[in-house]
Protein chains: 2
Amino acid sequence: MRIGELAKRAKVSRDTIRFYERHGLIRSGVDPEAGNSYRIYPEDAVLTLDVIRDAQAAGLSIADISMFLAQFMAQSPEAEAGQGFLEAKIVEVRARQEAGARFLQMLEQTKAALDRAPQDGLDEVTRRGEA
Amino acid sequence: MRIGELAKRAKVSRDTIRFYERHGLIRSGVDPEAGNSYRIYPEDAVLTLDVIRDAQAAGLSIADISMFLAQFMAQSPEAEAGQGFLEAKIVEVRARQEAGARFLQMLEQTKAALDRAPQDGLDEVTRRGEA
DNA sequence: CAAAACCATTGACAGTGGTCCATGGTTTAT
DNA sequence: ATAAACCATGGACCACTGTCAATGGTTTTG
C-alpha cells in the first residue's frame with residue numbers, strides 16, 4: 001500500500017511514517033512496474049506501527065525501538081549481541097511500569113479524596129501515603 | 001535543606017531541581033536569618049521529586065505534573081476545575097499502562113524465543129501474535 | 001483535460017526536558 | 001585566610017520526536 005493509506009490505517013501522519021522510516025523502524029520498496037517514485041509499504045507495516053506505539057508507551061526511544069524491531073524480525077542468526085539488550089529493556093520497562101502503576105494509584109486516590117470532600121484538603125491520601 | 005543536599009537525596013541534578021522549580025513543581029524559600037540568597041527546600045521536596053519521577057514514568061508532561069501537584073496539594077477549596085483533569089489523566093495513564101504491559105509481553109516473548117533458539121528465527125512469537 | 005489529491009525530498013522549525021557555562025557571591029574546611 | 005566547595009541567575013545549548021513548507025512530479029476524478 002502507499003503511504004497515505006498506511007497513514008490512515010495506522011492513524012499516524014505521513015510525515016511520522018517518513019520519520020520512522022528514516023530511523024529504520026519501517027521499511028518500504030518501490031513498485032518496479034510503476035515508473036514513479038512512490039514507496040510501497042507491506043501490509044504488516046500497520047502492525048509495526050501499532051507495536052511502535054506500544055513501545056513508546058513503555059518508554060522506549062526511537063533508537064531502542066529500532067533495536068527491538070531488528071531483534072524481533074531477526075531472521076538472520078545474528079542474535080547473541082542483542083540478548084543483553086532485550087534483558088536490559090525488560091528490566092527497564094518493568095521498573096517503569098511499576099512506577100507508572102504507583103502514580104496511577106496516587107491519581108485515583110487523589111480523585112477519590114477530592115470527590116469525597118470537594119471543599120477541603122485531602123489529608124486522607126497524605127496520611128495513607130505516610131504509611 | 002539547600003539545593004545540593006536535596007539533589008543528592010533525590011538523585012537528580014541541581015539544574016533539574018531549578019528547572020522543576022521554574023515550572024512550578026517545587027517550591028522553596030529563603031532563610032531570612034541568613035543574609036544570603038540561598039534557597040531552602042522543605043523536607044518533603046524529596047518525596048515530591050519521587051512523585052515527579054513516577055509521574056514521568058506514567059507519561060505525564062511537566063505541565064501535567066504541575067497541574068497534578070496543584071490538585072494534590074490543594075489545601076484551598078479551588079478543586080472543581082481540576083476534577084475533570086484528574087479523570088482525564090486517569091483514563092490516559094491507564095491506557096498507557098496497558099500499552100506498556102502489552103509491549104513488555106512482546107519483549108519477554110521475544111527474549112524467550114531467542115533464548116530457546118538463538119540461531120534461527122522466532123516464528124513462535126510471530127505465530128502467537130497472529131492469534 | 002484540468003483540478004484535486006496524492007507522492008518524494010529537502011530542510012527549516014517547534015516543543016519538551018533538561019544540561020552546561022559564565023559570572024559573581026557565600027560557606028566550609030584546612 | 002585561603003582554597004575548595006557550594007550557591008544564584010541568566011542565557012546558550014542540546015537531543016529527541018516530530019511537524020511544516022517549498023518544490024516538483026504522478027494519479028485520480030469530475
Side-chain angles (χ1 to χ4, degrees), chain A residues 1-42 45 48-49 51-69 89 92 96 99-100 103, chain B residues 1-42 45 48-69 89 92 96 99 103:
Chain A
M1 86 196 80
R2 301 199 299 215
I3 200 170
E5 191 187 341
L6 177 57
K8 182 164 292 184
R9 284 175 43 184
K11 295 181 206 305
V12 297
S13 75
R14 289 183 190 79
D15 278 333
T16 296
I17 292 172
R18 295 199 183 101
F19 174 78
Y20 289 163
E21 195 167 356
R22 275 201 299 285
H23 287 77
L25 309 196
I26 292 284
R27 239 168 291 269
S28 71
V30 286
D31 182 355
E33 312 296 298
N36 59 27
S37 59
Y38 290 9
R39 320 246 63 192
I40 300 298
Y41 297 85
T48 303
L49 287 169
V51 171
I52 292 172
R53 231 195 300 279
D54 284 357
Q56 285 184 318
L60 270 75
S61 69
I62 295 295
D64 283 345
I65 299 173
S66 173
M67 287 269 100
F68 169 73
L69 289 175
K89 289 303 146 185
E92 199 179 299
R96 203 158 12 234
F103 183 72
Chain B
M1 88 196 79
R2 302 200 298 216
I3 199 170
E5 191 188 341
L6 177 56
K8 182 165 292 183
R9 283 174 46 184
K11 295 180 205 304
V12 298
S13 75
R14 290 184 189 82
D15 277 334
T16 297
I17 293 172
R18 296 202 182 99
F19 175 79
Y20 289 163
E21 195 167 356
R22 275 201 299 288
H23 287 79
L25 310 197
I26 292 284
R27 238 168 291 270
S28 71
V30 287
D31 182 355
E33 311 296 299
N36 59 27
S37 60
Y38 291 9
R39 321 247 63 192
I40 300 298
Y41 297 85
T48 302
L49 286 169
D50 286 348
V51 171
I52 292 172
R53 232 196 300 279
D54 285 357
Q56 285 184 317
L60 270 76
S61 69
I62 295 295
D64 282 345
I65 299 172
S66 172
M67 286 271 100
F68 169 72
L69 289 175
K89 289 303 146 184
E92 199 179 298
R96 200 155 18 230
F103 183 72

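All of these numbers come straight from a predicted model, not from anything done at the bench. Chain naming here is simple, since letters A, B, ... match the order of the sequence lines and numbering starts at 1 in each.
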Below 4.0 angstrom, which residues in residues 19-29 of chain A have at least one non-hydrogen atom near DNA chain C?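 The stretch gives none, as no residue of it lies under 4.0 Å from the strand.
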
Residues touching DNA chain C, which here means a heavy atom under 4.0 Å, drawn from residues 31-40 of chain A: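 Nucleic-acid contacts, sorted: A:S37, A:Y38, A:R39.
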
Any non-hydrogen side-chain atom of [X] less than 4.5 Å from a side-chain atom of [Y]?
X: B:V51; Y: B:F68; value: yes
X: B:R14; Y: B:L6; value: no
X: A:I26; Y: A:R18; value: no

Test side-chain contact (heavy atoms from CB on, under 4.5 Å) on B:Y38 and B:D31; report intermediate values, then the result. CA-CA 8 Å; B:Y38 291 9; B:D31 182 355; over 6 Å; no

Where do B:A7 and B:S13 come nearest, in terms of heavy atoms and distance?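 Between these two residues, the closest heavy atoms are CB-C, 4.2 Å.
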
Minimum heavy-atom distance B:A99-A:A57, with the two atoms named: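 Answer, listing the atom of B:A99 first, then A:A57: CB-CB, 3.6 Å.
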
From [atom1] ([X]) to [atom2] ([Y]), nearest 0.5 Å:
X: A:R39; Y: A:I3; atom1: CZ; atom2: CD1; value: 9.5 Å
X: A:Q56; Y: A:D54; atom1: CD; atom2: CG; value: 10.0 Å
X: A:F19; Y: A:L25; atom1: CZ; atom2: CG; value: 8.0 Å
X: B:R53; Y: A:F103; atom1: CZ; atom2: CZ; value: 14.0 Å
X: A:I17; Y: A:L49; atom1: CD1; atom2: CG; value: 5.5 Å
X: B:R22; Y: B:D15; atom1: CZ; atom2: CG; value: 8.0 Å

Name the residue closer to the 5' end of DNA chain C, choosing between A:R2 and B:I62 according to the nucleotide with the nearest heavy atom.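 Mapping each residue to its closest nucleotide by heavy atoms, the 5'-most match is A:R2.
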
Salt bridge check, A:E5 against A:R2: does any charged N sit closer than 4.0 Å to a carboxylate O?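 Between A:E5 and A:R2 there is no salt bridge, as every charged N stays at least 4.0 Å from the carboxylate O atoms.
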
Could you tell me whether B:M1 atom CE has more than 12 heavy atoms of other residues or ligands within 6.0 Å of it?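 More than 12 heavy atoms, drawn from other residues, nucleotides or ligands, come within 6.0 Å of this atom.
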
Would you jot down, in residue-number order, the residues of residues 6-18 of chain B having a non-hydrogen atom under 4.0 Å from DNA chain D?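 Contacts with DNA chain D under 4.0 Å: B:R14, B:R18.
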
DNA chain D-proximal residues of residues 53-61 of chain B, any heavy atom under 4.0 Å: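 Hits under 4.0 Å, by residue number: none.
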
Not counting sequence neighbours, which residues clear salt bridge (Lys or Arg N to Asp or Glu O under 4.0 Å) with A:R27? List them please.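 Here no residue qualifies.
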
Quick one: how far along DNA chain D does chain B reach, first to last nucleotide 5' to 3', anything under 4.0 Å to a heavy atom?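 So the outermost contacting nucleotides come out as D:dC6 to D:dT9.
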
